[in-house]
Asker: 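Please find one structure pasted underneath; my questions will follow.
All figures in this text were calculated on a predicted structure; none of them were measured in a lab. For ligands, and for the atoms within them, numbers begin at 1 and follow the listed sequence. The first residue in the sequence is number 1, and the count goes up from there.
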Amino acid sequence: MDKRTKFTLDEKEMPRYWYNIQADLPEPLPPVLHPATGKPVTPDDLAPLFPMELIKQEVSQERYIEIPEELLAVYRTWRPTVLHRAYRLEKALDTPAKIFFKYEGTSQAGSHKPNTAVAQAYYNKKEGVKRLTTETGAGQWGSALSMGGAMFGIEIKVYMVRISYDQKPYRRILMETWGAKCVPSPSEDTKIGREILVKDPDCPGSLGIAISEAIEDAATHEDTKYSIGSVVNHVLLHQTIVGEECRKQMEMADAYPDIIVGNIGGGSNFAGQFLPWIRDKISGAKPDLRIICVEPTAAPSLTKGPYAYDFGDVAGLAPILKMYTLGHTFVPPPIHAGGLRYHGMAPIICHLHKLGLVEARAEHQVGTFQAGVKFARTEGIISAPEPCHNIKVAIDEALRCREAGEAKTILIAHSGHGHFDMAAYDEYLSGRLQDYEYPKEKIEEALAQLPRVG
Ligand SMILES: Cc1ncc(COP(=O)(O)O)c(C=O)c1O
């Protein structure tokens, strides 16, 4: 019997809408607060940062939002992405579990990030914006937005966390090849950057600092707006094309997941996969569906942080969000999964966790690379350090199935390739990679800085 391994959709079958979970939430999201007044933000407050169409999407209660044709044409340059059945991994684990993975590493930038990058470039271009600023950690988001800028003719300025800028020159070169300007953050280009550099000239930077710089730059230039790669509602919305495609592909495979597992940094790739499924859990159609969010032990917001209002950035320029947080001044240990080193989490994911609809688990990095190498040696794909986190949990769940003799269906949200992460694999393979314990004192210090609201 033929064992179908890849489930591919024709371009014509690509979904023509994004799914908006806000229409189906059992309780509405807590309001977003203004960083200066502590009052709920209005669309006008957000107008200096984002184009109006994205602000509308941020608060929309419509269940489906149509993807414009011009954008679909760009999506078609790499979408639909493939759903794979991981037969070789199943065999190596000797598990009765059926393992599937939906792979976003085939986009031009190598991850799920272009799903929102091209959408944001499109809406900004449509509203006459000439230039976008953003932050990037390991460089995945910065490169995705650079590609989006190239496709829609918008100038891109990327503030890249200094430590990654120094360690990952190839990501910077990628951004420059797509025509973007990339500077190490903290930089001399903003007031907040200069202030930090005076206090600490060797500051390694953090996502929180880079966000502050990018927001300040956008707020002080007339033709410029700010673009964000995760956390906020409209970014998660754009990513739902992944889960919407996947539902069709799982149907082709005559399967429905018992467990969906993904990594969460700001939450966008995993939400993009699981939001279109969680509506079945909310409606009561699939009450037993398990959704497992995986984060690093070094930055354990969902597993260890309090659910509180906090700033999205270090300087307190970004709106205040209700989220599981480690404190906006927390600088996580230098794990290789740069995309998972954020102090907060998407409010939508936090809300669903609070409602008991998603689970969370934290993993140490050495175990995740061990899982990533197993995946590479069975399925052939070299994964980015971020998806190695959920591959580890998928393997653990598949081994549990072996013990229990259960043929569960496990769906992995695979967010990208690791071709620029060879130094991390080298550290792992040579036994130099280390785990970081939960930095309790540092987190307590940062939590003391939470804004007072209400
Ligand atoms: C490959 C990859 N996976 C996951 C993430 C985590 O971000 P998010 O939780 O928004 O998907 C990143 C962020 O940079 C990434 O590059």
Asker: Does His353 have its ring centroid less than 6.0 Å away from the ring centroid of Tyr307?
Answerer: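 So the answer is no for these two rings.
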Asker: Check Lys408, Lys392, Arg361 against Glu397 for a salt bridge (charged side-chain N to carboxylate O under 4.0 Å, His left out) and give me the one that passes.
Answerer: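 Of all the options given, the one that passes is Arg361.
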Asker: Which residue supplies the protein heavy atom nearest to atom 7 (O) of ligand 1, what is that atom called, and how far is it?
Answerer: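 Looking only at protein heavy atoms, the one closest to atom 7 (O) of ligand 1 is Lys113 NZ, 3.4 Å.
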Asker: For atom 8 (P) of ligand 1, what's the nearest protein heavy atom and its distance?
Answerer: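 The closest heavy atom on the protein side is Ser268 N, 3.4 Å.
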Asker: Numbering the atoms of ligand 1 from 1, which are under 4.0 Å from a heavy atom of Gln140?
Answerer: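 So the answer, numbered in order with elements, is 1 (C), 16 (O).
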Asker: Is the positively charged end of Arg172 above the ring of Tyr165, judged by distance under 6.0 angstrom from the centroid and angle within 45° of the axis?
Answerer: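 Yes, Arg172 lies over the aromatic ring of Tyr165.
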Asker: Does a side chain donor of either Ser415 or His112 reach within less than 3.5 Å of an acceptor in the other side chain?
Answerer: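 No - no donor-acceptor pair under 3.5 Å links their side chains.
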Asker: Which residue supplies the protein heavy atom nearest to atom 3 (N) of ligand 1, what is that atom called, and how far is it?
Answerer: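 So the nearest neighbour among protein heavy atoms is Ser415 OG, 2.7 Å.
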Asker: Can you tell me which residue and heavy atom of the protein come closest to atom 4 (C) of ligand 1, and the distance to 0.1 Å?
Answerer: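 Result: Asn263 OD1, 3.1 Å.
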Asker: For ligand 1, which atoms have a heavy atom of Ile264 less than 4.0 angstrom away?
Answerer: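 Matching atoms, with element in brackets: 9 (O).
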Asker: Does Ala138 have a heavy atom less than 4.0 Å from any atom of ligand 1?
Answerer: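 Contact absent.
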Asker: Do any nitrogen or oxygen atoms of Gly416 come within less than 3.5 Å of a nitrogen or oxygen of ligand 1?
Answerer: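 No, since none of the N or O atoms of Gly416 sits under 3.5 Å from an N or O of ligand 1.
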Asker: Between Asn269 and ligand 1, which residue portion shows a heavy-atom distance shorter than 4.0 Å: side chain, backbone, both, or neither?
Answerer: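 Answer for Asn269: both.
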Asker: Pairing donors with acceptors under 3.5 angstrom, does anything connect the side chains of Asp217 and Thr133?
Answerer: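 Note: Asp217 and Thr133 side chains miss the donor-acceptor criterion.
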Asker: Quick check on side-chain contact (heavy atoms from CB on, under 4.5 Å): which of Val231, Leu236, Val232 does Pro347 satisfy it with?
Answerer: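 Going through the options one by one, the only one that passes is Val231.
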Asker: Any nitrogen or oxygen of Gly266 lying under 3.5 Å from a nitrogen or oxygen in ligand 1? Just yes or no.
Answerer: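 By distance alone, the answer is yes.
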Asker: Which protein non-hydrogen atom lies closest to atom 6 (C) of ligand 1, naming both residue and atom, and how far is it?
Answerer: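 So the nearest neighbour among protein heavy atoms is Gly339 O, 3.4 Å.
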Asker: Counting non-hydrogen protein atoms only, what is the nearest one to atom 10 (O) of ligand 1? Give residue, atom name and distance.
Answerer: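 The closest one turns out to be Ser230 OG, 2.5 Å.
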Asker: Can you tell me if Thr116 and Gln239 form a side-chain donor-acceptor pair at under 3.5 Å?
Answerer: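 No - no donor-acceptor pair under 3.5 Å links their side chains.
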Asker: Decide ring-ring contact (aromatic ring centres under 6.0 Å, His included) for Phe330 and His343; before the verdict, give the C-alpha distance in whole Å, the side-chain angles of both, and the deciding distance to 0.1 Å.
Answerer: CA-CA 6 Å; Phe330 172 62; His343 67 273; 8.4 Å; no
Asker: I want to know if ligand 1 touches Leu340 in the polar sense, i.e. an N/O pair below 3.5 angstrom.
Answerer: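 No; every N/O pair is 3.5 Å or more apart.
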Asker: Taking the six-membered ring for Trp, is the centroid-to-centroid distance between Phe375 and His414 below 6.0 Å?
Answerer: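 That pair passes the under 6.0 Å test.
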Asker: With a 4.0 Å cut-off on heavy atoms, is His112 touching ligand 1?
Answerer: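 Yes; His112 lies near enough to ligand 1 that a heavy-atom distance drops under 4.0 Å.
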